[in-house]
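The chains referred to below are lettered A, B, ... by the order of the sequence lines, with proteins before strands, and numbering in each begins at 1. What's counted below: heavy atoms across the whole structure, side chains too, no hydrogens, waters or symmetry copies.
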Protein chains: 2
Amino acid sequence: MDLNLRHVRAFVSVAHLRSFTRAASLLNLSQPALTVQIRRLEEALAVRLLDRNSRSVAPTRVGRELLPVFQRVLRELDSVVVDTRDLAARRHGTVRIAALPSVAAGLLPDAIASFRAAHPRMSFVVKDVIAERVLALVRREEVDLGVTGGEVRDPDLTVLARAADTLHVVYPEGHPIGAVATVTLEALAEHPLVLMDAETSVRAVVDAAFVAAGRLPVTACEATYMMTAVGMVRAGLGLTILPGSAREIRAEPDLRSRPISEASFSRPVCLIAKAGRTLPAAAEDFLGELVPALEAEFATGA
Amino acid sequence: MDLNLRHVRAFVSVAHLRSFTRAASLLNLSQPALTVQIRRLEEALAVRLLDRNSRSVAPTRVGRELLPVFQRVLRELDSVVVDTRDLAARRHGTVRIAALPSVAAGLLPDAIASFRAAHPRMSFVVKDVIAERVLALVRREEVDLGVTGGEVRDPDLTVLARAADTLHVVYPEGHPIGAVATVTLEALAEHPLVLMDAETSVRAVVDAAFVAAGRLPVTACEATYMMTAVGMVRAGLGLTILPGSAREIRAEPDLRSRPISEASFSRPVCLIAKAGRTLPAAAEDFLGELVPALEAEFATGA
DNA sequence: TCGCCGCGATAGCGTTCCGTTATGGATCTG
DNA sequence: CAGATCCATAACGGAACGCTATCGCGGCGA
């Protein structure tokens, strides 16, 4: 005979109430059933746990020593069950997300704030890392969701949503680029540009687009951080090209931005998850907030 | 459906081996049975614990988080079972004994040493207290066994063995009391005596015996500790009367002792336990050593 | 002192649960 | 494309469990 949680619960109840009859009614069980359960437990442990006669019930010394151990284990398991059921019932939980820094600083905080307004006990862990790290974190299941740039062709990953992150040109109010009908690569090539550092994915897109068009950008400056590039634009060093998702393009009140009407200046943004894995309920729910936010962000070209 | 240890074990095995088939053979179970058990557990927790398809099995995030908790609980319960079974199999255990100081210093250490020679993993807790405290400790089940003096007429207590503790007279080698055929109260009344303090149970017996005989002892000195009384005898202050069970009567090489042949100078020594309680296996076993030791000690009058 | 009452133990029976074999569907492999 | 492998499902048979009924024992009141 094997140890069984039901038997343990029975023993704890009887030991506590010091009565088979009362414990039985508490457990919604007949008294003979309890007698048998206690006997089974005692057989499993090969020890007498309760000294009992028709007049009184009391735990033996071994029973007294085992009681707190059993109680602790039961409490522990019960809280596991309750917590896990709560988790499933979407009452609380933690969503772990890896996202590109622009997304992590931009639409993600808004989406999280909005979601938490409706689900106060949900918590979030956000990792802002470059596209490649996003893929790795999702693949290793260190995060539930990932927002990354570029095409995703990994069979281990599922694309839950995709949107186009359009690069924007950022310019000082009154700059001639604000007056043209559509911002094209040709138009950009006319002006000195503040470009992102060669290491960045934004720069990679810009370079590729210029190469494809057979043109060369007029480089005024290079910057590693978007905020620096914006500062340079404000100072009149030139225009800069930043993802529409980046908050920095709206950081300066006297700067304006416009989407660049050029397919090569847009790159896919993918919301991904590990393929073949059940998404935690909390993450599943958060999708309802995040997917529309992604679509809205990139549809308006804001 | 309720949480069941078998299901938990099943989950831990499958999660560890990442295979239903292998876990099933490990658990001596059919694979479909395991499938059902995992489903039951998942239903109980209302959460998916394992992501599985025909090609691979991997715990979900929730499953991964629950795994260490389950493992700890299982290990804990398993060790409880093993320890308790060991206890029952008399392979180890602790015996708790309350005994009169004379017994605790005298025959008890020998009995324990002898018992531990045969059962090395048994351990002992000995409390040396006065008769009344012995009764209380046994009644409150703070000890398994008690060795006390006097008659025991408590329905809460069971007398497992009884013996007579004969008071001995202790005298210097060559003292005339060593020459008489039998040591009687009359003979003792002839000599100055070193008596125990009035608080002690030994003194109570001595006083009662002299009162009953209508005699008065010649009191040379009083001592609280038996060792002190023995020292006084060695110094020639008189004879003293000590329990035969007391080690002190043999502490001085040039002192002799003889039992007093007087019923009133003998008091019962009882080995007791709580009535209606199952004795722990270790204590039960120790009785096999202690009872003969008690009988031997008091039969020889040593 | 006798009979009643309350409590735990036991017996017999019915149901529920669980594990087994057989089989299906999906996926990787040669 | 056929075979092998692995998990899921279905149907069946047996074991386990809980229930009702009853017994034995000890305390208590008449």
Side-chain angles (χ1 to χ4, degrees), chain A residues 1-45 47-60 63 154-158 274-278, chain B residues 1-45 47-60 63 154-158 274-278:
Chain A
M1 175 51 63
D2 222 22
L3 193 61
N4 186 317
L5 279 187
R6 189 182 310 247
H7 299 160
V8 175
R9 274 183 223 282
F11 166 64
V12 170
S13 284
V14 175
H16 194 250
L17 295 174
R18 298 187 157 250
S19 156
F20 279 63
T21 311
R22 271 179 289 160
S25 75
L26 184 77
L27 296 169
N28 295 317
L29 219 66
S30 71
Q31 169 265 313
L34 248 191
T35 296
V36 173
Q37 286 195 350
I38 297 295
R39 185 169 54 214
R40 291 258 191 283
L41 181 62
E42 289 179 335
E43 284 167 4
L45 298 177
V47 170
R48 192 158 187 75
L49 292 174
L50 292 169
D51 273 317
R52 44 202 190 269
N53 52 46
S54 54
R55 207 78 326 243
S56 77
V57 175
T60 62
D154 189 326
D156 283 355
L157 302 175
T158 305
K274 175 87 170 178
R277 292 284 173 272
T278 305
Chain B
M1 176 52 63
D2 221 22
L3 194 60
N4 186 318
L5 278 188
R6 188 181 306 251
H7 298 160
V8 175
R9 274 184 224 281
F11 166 64
V12 170
S13 285
V14 175
H16 194 250
L17 295 173
R18 297 185 157 252
S19 155
F20 279 64
T21 310
R22 270 179 289 160
S25 75
L26 184 77
L27 297 169
N28 295 317
L29 219 66
S30 70
Q31 168 265 313
L34 248 191
T35 296
V36 173
Q37 286 194 350
I38 296 295
R39 186 170 52 213
R40 290 258 191 283
L41 180 63
E42 288 179 334
E43 284 166 5
L45 298 177
V47 170
R48 192 163 189 77
L49 293 174
L50 292 168
D51 272 317
R52 45 201 189 270
N53 52 47
S54 54
R55 207 71 333 237
S56 77
V57 175
T60 61
D154 189 325
D156 283 354
L157 302 175
T158 305
K274 174 87 171 179
R277 292 284 173 273
T278 305

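With values rounded to the nearest 0.5 angstrom, T278(A) atom OG1 is found 8.0 Å from E42(B) atom CD.
Here R6(A) lies in heavy-atom contact (under 4.0 Å) with sugar-phosphate atoms only. Among the protein residues, S56(A) comes within range of no part of the nucleic acid, since none of its heavy atoms lies under 4.0 Å from any strand.
Of the possible polar contacts, none joining the S13(A) side chain to the A10(A) backbone as a donor-acceptor pair under 3.5 Å is found.
Between dT10(C), dC17(D), dG8(C), one nucleotide has an atom nearer to the side chain of R39(A) than all others, and that is dT10(C). Each of dC7(D), dT9(D), dG8(C) was ranked by its minimum atom distance to the side chain of F20(B); first place goes to dC7(D).
A close approach under 4.0 Å does not occur between any side-chain nitrogen or oxygen of R52(A) and OP1 or OP2 of dC7(C).
In this structure, Q31(A) and T21(A) approach most closely via the heavy-atom pair CG-OG1, 4.4 Å. Closest approach of D2(B) to H7(B), counting heavy atoms only: O-ND1, 4.4 Å. Of all heavy-atom pairs between L34(A) and F20(A), the closest is CD1-O, 3.3 Å.
Note: NE2 (H7(B)) to C1' (dC18(C)) measures 9 Å, nearest angstrom. Distance, R18(B) CZ to dT5(D) C1': 18 Å, rounded to whole Å. The interatomic distance linking R40(A) (CZ) with dA9(C) (P) rounds to 14 Å, in whole Å. In this structure, the CZ atom of R9(B) is 14 Å from the P atom of dG19(C), given to the nearest Å. Rounded to whole Å, the distance from CG on D2(A) to C1' on dC18(C) is 14 Å. Taking atom CG on N4(A) and atom C1' on dC18(C), their separation rounds to 13 Å, with Å as the unit. The interatomic distance linking E42(B) (CD) with dA8(D) (C1') rounds to 13 Å, in whole Å. Distance E43(B) CD to dA8(D) C1': 14 Å, rounded to the nearest Å.
Under the 3.5 Å distance criterion, with hydrogens and angles disregarded, no donor-acceptor pair is assigned to the side chains of T60(B) and D51(B).
A side-chain contact (heavy atoms from CB on, under 4.5 Å) with R52(A) holds for exactly one of T35(A), I38(A), V14(A); it is I38(A).
Sorted by residue number, the members of residues 29-38 of chain B with any non-hydrogen atom under 4.0 Å from DNA chain C read L29(B), S30(B), P32(B), A33(B), Q37(B).
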